[in-house]
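Here the structure is a predicted model, which means the values were calculated and not measured. Residue numbers begin at 1 in each chain, while the letters A, B, ... track the order of the sequences.
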Amino acid sequence: MLNVILPDGSTLNYTRRVTALDVAGDIGKRLAKATLAAEVDGKLVGSDQLLPAEGEVRLRLITQRDPEALDLMRHSCAHVMARAVMRLYPGVQLAFGPTIENGFYYDFLIEQPISEDDFPRIEAEMRNIVAEGELFERVELPRTEAVELCRELGQTLKVEHIEEGLGDEASVSFYRQGEFVDLCRGPHLAAASKVGAVKLLSVAGAYWKGDSNREQLQRLYGTAWFTQDDLDEHLRKLEEARRRDHRVLGRQLELFMIDPKVGSGLVMWLPKGATVRRELEAFIYDELLRRGYQPVYTPAIGRVELYETSGHYPYYKESQFPPIDLAAHWGEGEKYLLRPMNCPHHIRIYQSKPRSYRDLPLRIAELGLVHRYEQSGELTGMTRVRGFTQDDAHIFCTAEQVGDEFRGCLEMTQFVLKTLGLENYRVRLSFGDRSSDKYVGAPETWERAEAALAQVCREMPGLPEPHIEVGEAAFYGPKADFVVNDCIGREWQLGTVQLDYNLPSPQRFGLEYIGTDNQPHEPVMIHRAPFGSLERFVGMLIEHFAGAFPLWLAPEQVRVLVVSQKFEDYARQVERRLVEAGLRVGTDYRPEKIGAKIRDAQLELIPYMFVIGGREQEGGAVSVRDRLQGDVGAMPVDEALAKLREEIDAKTVRRVAG
RNA sequence: GCUAGCGUAGCUCAAUCGGCAGAGCAGCUGAUUUGUAAUCAGCAGGUUGUGGGUUCAAGUCCCUCCGCUAGCUCCA
């Protein structure tokens, strides 16, 4: 006899074999109709799978309301799409078709390229399949028979996957829908008819098993929701993201440009973007000084030997601009590298004189310009570029000081992110993989460093529980990366704090300090660039604020508008006072109607407008128009000025969305 | 780097089957002197990304290179 325990504690007993769907049917007809799958003793299974004959099982029925449901439906949706593609393109080889955030994809090996023009056909075929409403039927086969089946079906990628990827499994499962059979762990919806509103989004290349030496597949991306409304809402969000694209806003608002004649991936900051950057830099420098960092300036190139010593040149040779070889041009001279990182220069500053334990921790900071030859397909706006400015610093300290210093880095990052209204972020701890030979240094050193990082993160007030990812570390040490959510929930990987026991070692630069025992010791290095690069950081801020920066960052903080050119003299007096008070002021003295001037200033996302006409001139006042609230009335110039000053000094973030 | 798509005026876009390159905004000139999201008129703006090919004829078809977009691979 089988004893089925439901989440509310009630139980049902069966002497015959039943499926989750049978149980749902015994509870209620509507529940049975709504049931998409089931969780049996914590494991997700199809609703049509037989429960054990006897014993006791905990059963939870999954309906649209459950968080797993969407994922399940999207997975079935991937199968429906694959089936549609196989009907339309004979000879297709199937690869993988998992769910992803908000949707799913499926990888196909086909000779003939699929383009977005083909989407309507594929979608139509998918609708046919959903209308046919066939059942997803689970079939378990012994490994050898499974291989045989895939061979018969001509699915050689699946054959390879069973033989190499699923080598340990005694049996493997398939899902069958009419003529369509696919290797799949499941579970699935009971039938294709439960698939909701679907839209194909894009097609792109992908490598078989993620290996760039293997076959290139065609990956079809789609999104799926239970209702048309949910789908429409999702498409609206995608549209919203496009509207905030920093590449579009960057051009519209004249913040930055990238010119192919100068070079791909090389950002030029236009005056308005430069203003935003300058304010951020000033803010960051203030915080660095407050926290005992010592700013330096060092050159953007260095001799190749320097990077051979650090190990970066051999390791990352392919992704650096090739050395400048003076000998090749002039018959004699050395080779220089456009620096791909700042640490060697800072290390040489450390080594410029003997260091004592009294000098430590030594914190050397620089907004350092570095260049890396990123692959052409990687370049994107300001977020992935070939020349960028790291908010870099290197901390040289004793092993005992590592915890405190690491904590200090986290604290400063928290403070800066909070100031910008970026309250949602996570910390990803990237650890080494002991089984890989990619990493340098002794395993004990790694263990110690990783334990220290994890402990500090866990003890840090206000910091979310860190996610640990093994195998993501830099080759010289573990790191903590900041992944920030912007106001529409997208993730941005920004900066990083990294422990380094490698560069100070005798095999590299051989750093030393004299300890209290009058003996030389090896310091530990911390690399930290909590915002990554200014380029990426500002790119993220543009999208986060949708181009409407808080007053302290806004390139133009106030625009003085005259109702008629008759009032220009008074307006110029007001303008002068604002400029003298340190505000960034623009003016509009065109012989235009006031409505047109306001419209232009609104579209340029200028936070405040001071409107001046006869009434203001008589009263020594300005009419203040707030970009967000509209007309807020007239007030004396001093009062308006004080209001703005206060908002600037407080670095107020008034609104990020919209 | 790979796969696919794309590249027309400063910007956003049009140009039927291969048949005289066009509009709006921005710009310039003139008129208008305006009270809280677009005043009117005129003018100018182009070797259709580059180089080659097919054709009587190429923005349109083919090839090369450059660039951009999506994704993959990479990311010190």
| task | Look at all strands and tell whether Y476(A) reaches a base, only sugar-phosphate, or nothing, counting heavy atoms closer than 4.0 Å. | result | sugar-phosphate
| request: Identify which nucleotide among U33(B), C75(B), G35(B) has an atom closest to any side-chain atom of Q565(A), counting heavy atoms from C-beta outward. | output: U33(B)
| message | Students often get this wrong, so: under 4.0 angstrom with heavy atoms, is G613(A) touching a base, only sugar-phosphate, or nothing? | response | base
| Taking the side chain of V563(A) as heavy atoms from C-beta outward, which of U34(B), G1(B), U36(B) is closest to it? | U34(B)
| query | Do Q218(A) and U3(B) have a side chain to base donor-acceptor pair shorter than 3.5 Å? | reply | no
| note | Taking U32(B), U39(B), C75(B) as options, the one with an atom nearest any side-chain atom of P591(A) is U32(B)
| Base C11(B) paired with R251(A) side chain (donor-acceptor, <3.5 Å) | no
| task | Check whether any side-chain N or O of S376(A) sits under 4.0 Å from OP1 or OP2 of G1(B), and answer yes or no. | result | yes
| query | If pairing requires Watson-Crick or G-U wobble contacts with both distances under 3.5 Å, which nucleotide is the partner of A41(B)? | reply | U29(B)
| request: Spell out yes or no: do the side chain of Q390(A) and the base of A76(B) have one donor N/O and one acceptor N/O closer than 3.5 Å? | output: no
| message | Could you tell me if the side chain of F482(A) sits less than 4.5 Å from the side chain of L410(A), heavy atoms only? | response | yes
| query | Across the strands shown, which category fits E215(A) at heavy-atom distances under 4.0 angstrom: base, sugar-phosphate, nothing? | reply | nothing
| message | So, does R214(A) get its side chain near the phosphate of C72(B), meaning an N or O under 4.0 Å from OP1 or OP2? | response | no
| said: Work out how far the P atom of U8(B) is from that of U55(B), and round it to whole angstrom. | reply: 28 Å
| message | Counting C-beta onward and ignoring hydrogens, is there a side-chain heavy-atom pair between R599(A) and L603(A) closer than 4.5 Å? | response | yes
| query | Does the G1(B) base have a donor-acceptor partner in the side chain of E374(A) within less than 3.5 Å? | reply | no
| Distance-only, no hydrogens or angles: does the T413(A) side chain make a donor-acceptor pair with backbone N or O of C409(A) under 3.5 Å? | yes
| Any donor-acceptor N/O pair under 3.5 Å between A76(B) base and S319(A) side chain | yes
| remark: Across every strand shown, the nucleotide meeting Watson-Crick or G-U wobble geometry with C75(B) (both distances under 3.5 Å) is none
| Nucleotide paired to C65(B) in any strand shown, Watson-Crick or G-U, under 3.5 Å | G49(B)
| query | Base, sugar-phosphate, or nothing for S264(A), non-hydrogen atoms under 4.0 angstrom? | reply | sugar-phosphate
| How would you label the contact of K479(A) with the nucleic acid (heavy atoms, under 4.0 Å): base, sugar-phosphate, or nothing? | sugar-phosphate
| Toward the 5' end of RNA chain B, which comes first, R247(A) or C343(A), by nearest nucleotide? | R247(A)
| task | Give none if U3(B) has no partner; otherwise give the nucleotide forming a Watson-Crick or G-U wobble pair with it, both distances under 3.5 Å. | result | A70(B)
| note | Taking A70(B), G67(B), C72(B) as options, the one with an atom nearest any side-chain atom of A204(A) is A70(B)
| request: Any strand is fair game: report the nucleotide pairing with C20(B) by Watson-Crick or G-U wobble, both distances under 3.5 Å, or none. | output: none
| query | For K209(A), does the NZ atom sit with more than 12 other heavy atoms under 6.0 Å from it, leaving out its own atoms? | reply | yes
| Going by heavy atoms in the side chains, are S319(A) and R372(A) under 4.5 Å from each other? | no
| Interatomic distance, E592(A) CD vs U32(B) P [rounded to whole Å] | 14 Å
| said: Just N and O in the side chain of K566(A): are any of them under 4.0 Å from OP1 or OP2 of U34(B)? | reply: yes
| said: What contact category does G311(A) fall into here, base, sugar-phosphate, or nothing, at under 4.0 angstrom with non-hydrogen atoms? | reply: nothing
| note | Of the candidates C74(B), C72(B), U39(B), the side chain of Y221(A) sits closest to C72(B)
| request: Please work out if Q320(A) contacts a base, only the sugar-phosphate, or nothing of the nucleic acid, heavy-atom cut-off 4.0 Å. | output: base
| field | Among K237(A), R242(A), R243(A), salt bridge (Lys or Arg N to Asp or Glu O under 4.0 Å) partner for E240(A) | value | R243(A)
| task | For C61(B) versus A15(B), give the span between their P atoms, rounded off to a whole number of Å. | result | 13 Å
| field | Closest approach of P478(A) to W446(A) (non-hydrogen atoms, all atoms of both residues) | value | N-CZ3, 3.6 Å
| message | Under 4.0 Å, counting only non-hydrogen atoms across every strand here, what does R219(A) touch: a base, just sugar-phosphate, or nothing? | response | sugar-phosphate
| said: By the 4.0 Å heavy-atom rule, please label L379(A) as base, sugar-phosphate, or nothing. | reply: sugar-phosphate
| message | Would the base of U33(B) count as contacting S564(A) through its side chain, where contact means a donor and an acceptor less than 3.5 Å apart? | response | yes
| said: What's Q498(A) touching, base or sugar-phosphate or nothing? Going by heavy atoms closer than 4.0 Å. | reply: sugar-phosphate
| said: Using heavy-atom distances to pick each residue's nearest nucleotide on RNA chain B, tell me which of I594(A) and F475(A) is more 5'. | reply: I594(A)
| query | Is there a Watson-Crick or G-U wobble partner for A15(B) with both distances under 3.5 Å, and if so, which one is it? | reply | none
| Is the base of G1(B) touched by the side chain of Y207(A) through a donor-acceptor pair closer than 3.5 angstrom? | yes
| message | Is the base of A76(B) stacked against the aromatic ring of Y315(A), taking ring centres under 5.5 Å apart and planes under 30° as the test? | response | no
| Closest to the R599(A) side chain: A70(B), A76(B), A38(B)? | A38(B)
| Nearest heavy-atom neighbours spanning I606(A) and R559(A) | CD1-NH2, 3.1 Å
